[in-house]
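Step one of this worksheet: look at the structure below.
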Amino acid sequence: MEYVTLGRSGLKISRMGFGGIPIQRIDAAASKELMDAICAAGINYIDTARGYTVSEELIGQAIEGHRDEFVLATKSMARDKAGMAKDIDISLKNLRTDYIDLYQIHNCPPEQLEQVCSADGALAALQEAKAAGKIGHIGLTTHSLDTFRLALDLDWVETIMFPYNIVENQAEELMAQAKEKNIGFIVMKPLAGGAIDNGPLALRYICANPNVTVVIPGMYSVDEVAQNSAAANDLSPLTAEELAAADQIRKELGTNFCRRCNYCAPCTVGIGIPTLFLFQGYLKRYGLEEWARSRYEATPIKASACVECGVCETRCPYQLPIRKMLKKVAEDFGA
């Protein structure tokens with residue numbers, strides 16, 4: 001495993017980290033096995049969040065007694081000082097540690113930065129926690145290019161997390177600027193929220209970019225750890241065949257696709273929006289018509305139930321025309 005320095009934080013981390021979203025699917029015993037596997041693979045960077053339900057707790061239990069072998073990063077959606085201070089203490093308890101290496105402001109749109117940086121904002125709590133030794137470094141995650149651009153000029157931002165993958169390269173110029181400013185760049189959505197099914201190619205593509213500090217694919221099985229580690233450890237240049245495959249993925253996906261971040265939820269009438277888009281992908285892109293149709297038919301609330309309230313679109317960080325996309329799902333499945 002290749003190791004790098006996480007920007008101005010000075011933390012020495014593996015080039016590929018562990019994304020803690022999917023661990024919510026498994027139990028404590030499987031989580032322990034998973035953490036043992038990532039440790040054996042040389043992965044020392046773990047990313048989770050307060051919003052990932054039981055992820056912090058499972059990770060905390062799994063690494064107890066081995067905490068110093070890992071660099072722990074978590075994050076909170078709190079925007080005010082009191083809320084952030086509370087979340088930091090909860091994270092410390094969940095992760096069973098007395099310090100967290102990197103604490104991040106989670107999914108911050110540009111219009112909320114002023115609140116975050118105010119006297120009673122989340123940043124004040126983070127800085128107090130840093131002074132008290134509860135956290136080591138402060139970062140920010142976002143889906144907004146405007147936030148990324150603004151964050152580059154904030155002296156307290158030590159790391160930035162942003163989507164980057166084969167089909168989403170809109171931040172490449174800002175990534176280069178982050179490296180120039182010695183701000184660590186953390187890649188989220190390496191598989192475009194599951195839309196890219198060729199994991200090894202996706203990771204090799206990302207790791208080929210020198211402006212990437214660390215990529216954090218979500219993993220919940222030992223097999224995934226082995227496969228992803230092999231891809232991240234392959235430092236050979238991308239082949240002509242791999243570049244052609246990446247181009248084909250871009251042509252197939254375009255930019256109007258669901259990353260399954262689930263920020264659109266909850267739907268007013270209970271539609272599982274990302275799940276229906278996933279079934280549509282299996283139907284149209286992967287040739288699994290029978291499988292996709294059977295899963296769609298088993299779904300209790302179909303795309304045609306959409307009342308076009310538009311609330312989901314106000315929450316989507318990618319500004320997707322969800323109502324229009326759901327109509328297409330209904331047309332494709334005939335219901």
Side-chain angles (χ1 to χ4, degrees), residues 19 21 24 49-53 55 75-84 87 104-118 120-123 139-151 154 157 160-165 167-171 174 188-189 191-195 218 253-281 296 299-333 335:
I21 293 179
Q24 302 167 83
R50 288 288 310 111
Y52 299 165
T53 63
S55 178
K75 43 197 177 288
S76 165
M77 291 286 291
R79 302 295 186 244
D80 64 293
K81 183 177 180 180
M84 180 60 78
D87 273 357
Q104 301 154 103
I105 294 168
H106 193 180
N107 190 29
C108 189
E111 63 270 16
Q112 293 179 4
L113 274 175
E114 183 176 354
Q115 179 188 2
V116 164
C117 297
S118 68
D120 293 320
L123 177 60
L140 181 147
T141 86
T142 185
H143 294 259
S144 163
L145 279 172
D146 289 336
T147 299
F148 195 156
R149 195 172 291 109
L150 292 167
L154 298 173
V157 174
I160 295 174
M161 183 190 294
F162 193 85
Y164 176 64
N165 52 61
V167 292
E168 296 178 283
N169 58 9
Q170 66 272 24
L174 297 179
M188 69 160 116
K189 300 288 185 288
L191 274 65
L253 286 179
T255 56
N256 247 18
F257 65 92
C258 175
R259 283 77 167 177
R260 287 157 55 195
C261 64
N262 210 39
Y263 288 126
C264 58
C267 168
T268 304
V269 295
I271 297 171
I273 296 170
T275 300
L276 297 194
F277 290 151
L278 175 65
F279 293 159
Q280 184 187 38
Y296 186 80
T299 302
I301 305 176
K302 308 291 193 293
S304 56
C306 176
V307 296
E308 298 193 48
C309 66
V311 175
C312 56
E313 294 182 5
T314 68
R315 301 179 184 136
C316 177
Y318 300 97
Q319 291 82 52
L320 293 178
I322 297 175
R323 288 172 289 182
K324 182 178 179 181
M325 291 168 68
L326 284 173
K327 282 185 179 179
K328 185 66 169 65
V329 172
E331 290 174 10
D332 288 344
F333 284 101

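Computed from a prediction, not measured in an experiment: that's the story for all the values here. Values reported hereafter were calculated over all heavy atoms of this structure, with side chains retained and with hydrogens, waters and symmetry mates removed. Residues: numbered from 1 along the sequence shown.
- When side chains are defined from C-beta on, Tyr318 counts as touching Glu168, because their heavy atoms get closer than 4.5 Å.
- Within the model, atoms CD of Gln319 and OG1 of Thr314 stand 11.0 Å from one another, a figure rounded to the nearest 0.5 Å.
- Remark: Arg50 is not positioned above the aromatic ring of Tyr52, lacking an NZ or CZ atom under 6.0 angstrom from the ring centre and at most 45 degrees off the axis.
- In this pair, Tyr296 and Phe333 present their aromatic rings parallel. The plane angle is below 30°, not in the 30 to 60° band.
- The distance from the CG atom of Leu140 to the CG atom of Leu154 is 8.0 Å, given to the nearest 0.5 Å.
- With rounding to the nearest 0.5 Å, the separation of NZ in Lys324 from CG in Asn256 is 8.0 Å.
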Run the side chain to side chain contact (heavy atoms under 4.5 Å, CB included) test on Phe279 and Val329 for me, step by step, so that the C-alpha distance in whole Å, both residues' side-chain angles and the decisive distance to 0.1 Å come before the verdict.
CA-CA 9 Å; Phe279 293 159; Val329 172; over 6 Å; no
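- For NZ of Lys327, the number of neighbouring non-hydrogen atoms (other residues, nucleotides, ligands) closer than 6.0 Å is 12 at most.
- Considering every non-hydrogen atom in both Ala78 and Asp87, the closest pair reads CB-OD2, 4.1 Å.
- Contact check for Leu113 versus Cys108: side-chain heavy atoms found under the 4.5 Å cut-off.
- His143 places none of its side-chain heavy atoms less than 4.5 Å from the side chain of Arg259.
- Here CG of Asn107 is found 10.0 Å from NZ of Lys75. Values are rounded to the nearest 0.5 Å.
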Could you check Gln24 against Ser55 for side chain to side chain contact (heavy atoms under 4.5 Å, CB included), going step by step and ending with a plain yes or no?
CA-CA 5 Å; Gln24 302 167 83; Ser55 178; 4.3 Å; yes
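- Side-chain contact between Leu276 and Gln280: absent, with no pair of heavy atoms (C-beta onward) separated by less than 4.5 Å.
- With hydrogens and angles left out, the side-chain atoms of Arg79 and Gln112 include a donor and acceptor closer than 3.5 Å.
- Residues satisfying the side-chain contact (heavy atoms from CB on, under 4.5 Å) criterion with Pro110, sequence neighbours excluded, are Ser144, Asp146, Thr147, Leu150.
- Put simply, the side chain of Val116 does not reach to within 4.5 Å of the side chain of Met84, judged on heavy atoms.
- Contact of the Thr141 side chain with the Phe162 side chain is not registered, since no non-hydrogen atoms from C-beta on lie closer than 4.5 Å.
- In this structure, Glu111 places its CD atom where more than 12 heavy-atom neighbours from other residues, nucleotides or ligands lie under 6.0 Å away.
- Note that the SG atom of Cys312 and the CE atom of Met325 stand 10.0 Å from one another [nearest 0.5 Å].
- Scanning both residues, Ile271 and Ala305, for their nearest heavy atoms gives CD1-C, 4.0 Å.
- The backbone N or O of Gly83 lies less than 3.5 Å from a partner atom in the side chain of Asp80, making a donor-acceptor pair.
- Taking CG of Leu320 as the reference point, atom SG of Cys258 lies at 7.0 Å (rounded to 0.5 Å).
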